[in-house]
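Data first, discussion second: the structure below is written as structure tokens.
These numbers were taken from a predicted model, which means no experiment stands behind them.
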Amino acid sequence: LYYLLLSRQREWLLLQSSLRSLFVVAAWLLVAAMFHWQNFFPYRLMTLIWLITYYLPLMAFPILNRLQAERGGNVEKPAGRQIMRGWRTWLILRAAIYGPTAVLLFVFAPQVSAAWPWPIEPVNLRMFSGQIAVFGAYQALAMQDGFWQRIRLFMLCTAMLATAHLVGLLLSGTPYDSSVPVGVLLPLMFVEWLATALVMLWTHRR
């Protein structure tokens, strides 16, 4: 769905930060897959679909970036609204929390899986930590020169992902242990992602 949304945009500036974020997610998942490659069945249809879906951006983005640069599509000073100073500070503070959290979750995935609110494998936690790294921390780096148009679609993607996670938590039939600390923090994190994205989209509307 998000790729369809990106395909409707004509300006490279509007796409670049979003494509970079997908590139980071794909690279993070590639590292996680290398740690757990023995758990994969590389010749199954679903595995091939998964590999194409996640790793195609990893291969395609450098090519797209190079082609766009050769065609003169990179704009140094885009016109438009600047990100409000308070929001810039908030995104940096979020990155200071979510960035180390993602790294620690990746490193200590076997230990954290024992305290997760539902049964989960370390490989799934390591892949999930990539979402925390990108949608919680990478937005602070994606601001660049501070123009809102650079990250608007990125914030929209964050809102879509947070909504999907919250719906999944509500509708999943898997028992959820809300008594453990992670069981309390996890839905709060998704609510924060959704609230930050929606309020930023509203306050920066034209």
Donor-acceptor pair between [X] and [Y] side chains, under 3.5 angstrom:
X: Ser113; Y: Glu121; result: no
X: Gln131; Y: His165; result: yes
X: His36; Y: Arg126; result: yes
X: Tyr98; Y: Glu192; result: yes

Can you see which heavy atom on [X] is nearest to which on [Y], and at what distance?
X: Pro110; Y: Pro122; value: CA-CG, 3.9 Å
X: Trp118; Y: Pro175; value: CB-O, 3.6 Å
X: Gly146; Y: Arg88; value: CA-NH1, 2.9 Å
X: Cys157; Y: Phe135; value: SG-CE2, 3.6 Å
X: Ala140; Y: Ala95; value: CB-CB, 3.7 Å
X: Leu105; Y: Ser129; value: CD2-CB, 3.8 Å

Spatial distance of atom [atom1] ([X]) from atom [atom2] ([Y]) [nearest 0.5 Å]:
X: Phe154; Y: Gln139; atom1: CZ; atom2: CD; value: 4.5 Å
X: Trp193; Y: Leu166; atom1: CH2; atom2: CG; value: 10.0 Å
X: Ile151; Y: Arg20; atom1: CD1; atom2: CZ; value: 13.0 Å
X: Leu19; Y: Gln16; atom1: CG; atom2: CD; value: 8.0 Å
X: Ser17; Y: Leu22; atom1: OG; atom2: CG; value: 11.0 Å
X: Phe128; Y: Trp28; atom1: CZ; atom2: CH2; value: 12.0 Å

* To do: Take atom CZ of Arg66 as the centre, draw a 6.0 Å sphere, and report whether it contains more than 12 heavy atoms from other residues, nucleotides or ligands.
  =>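 For Arg66, atom CZ is not crowded (no more than 12 foreign heavy atoms under 6.0 Å).
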What I'd like to find out is whether the side chain of [X] reaches to under 4.5 Å of the side chain of [Y], using heavy atoms alone.
X: Thr196; Y: Met155; answer: yes
X: Ile83; Y: Arg150; answer: no
X: Trp148; Y: Gln82; answer: no
X: Met143; Y: Ile92; answer: yes

Any link between [X] and [Y] through a network of hydrophobic side chains (Ile, Leu, Val, Met, Phe, Trp, Tyr) touching at under 4.5 Å?
X: Val25; Y: Met59; result: no
X: Leu125; Y: Met34; result: yes
X: Tyr176; Y: Val184; result: no
X: Val167; Y: Phe190; result: no
X: Val103; Y: Val182; result: yes

* To do: Output yes when a side-chain donor or acceptor of Thr203 lies under 3.5 Å from a complementary backbone atom of Met200, and no otherwise.
  =>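 Confirmed, Thr203 side chain pairs with Met200 backbone.
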* Is a side-chain donor or acceptor of His204 paired with a backbone partner of Met84 at a separation under 3.5 angstrom? ->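 Here the side-chain-to-backbone pair exists.
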* Yes or no on side chain to side chain contact (heavy atoms under 4.5 Å, CB included) for Val180 and Asp177, after CA distance, side-chain angles and deciding distance? -> CA-CA 6 Å; Val180 296; Asp177 187 2; 3.4 Å; yes
* Give a yes/no verdict on a cation-pi contact between Arg205 and Trp202, requiring under 6.0 Å between NZ or CZ and the six-membered ring centre and an angle within 45° of the axis. =>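 Yes, Arg205 sits over the ring of Trp202.
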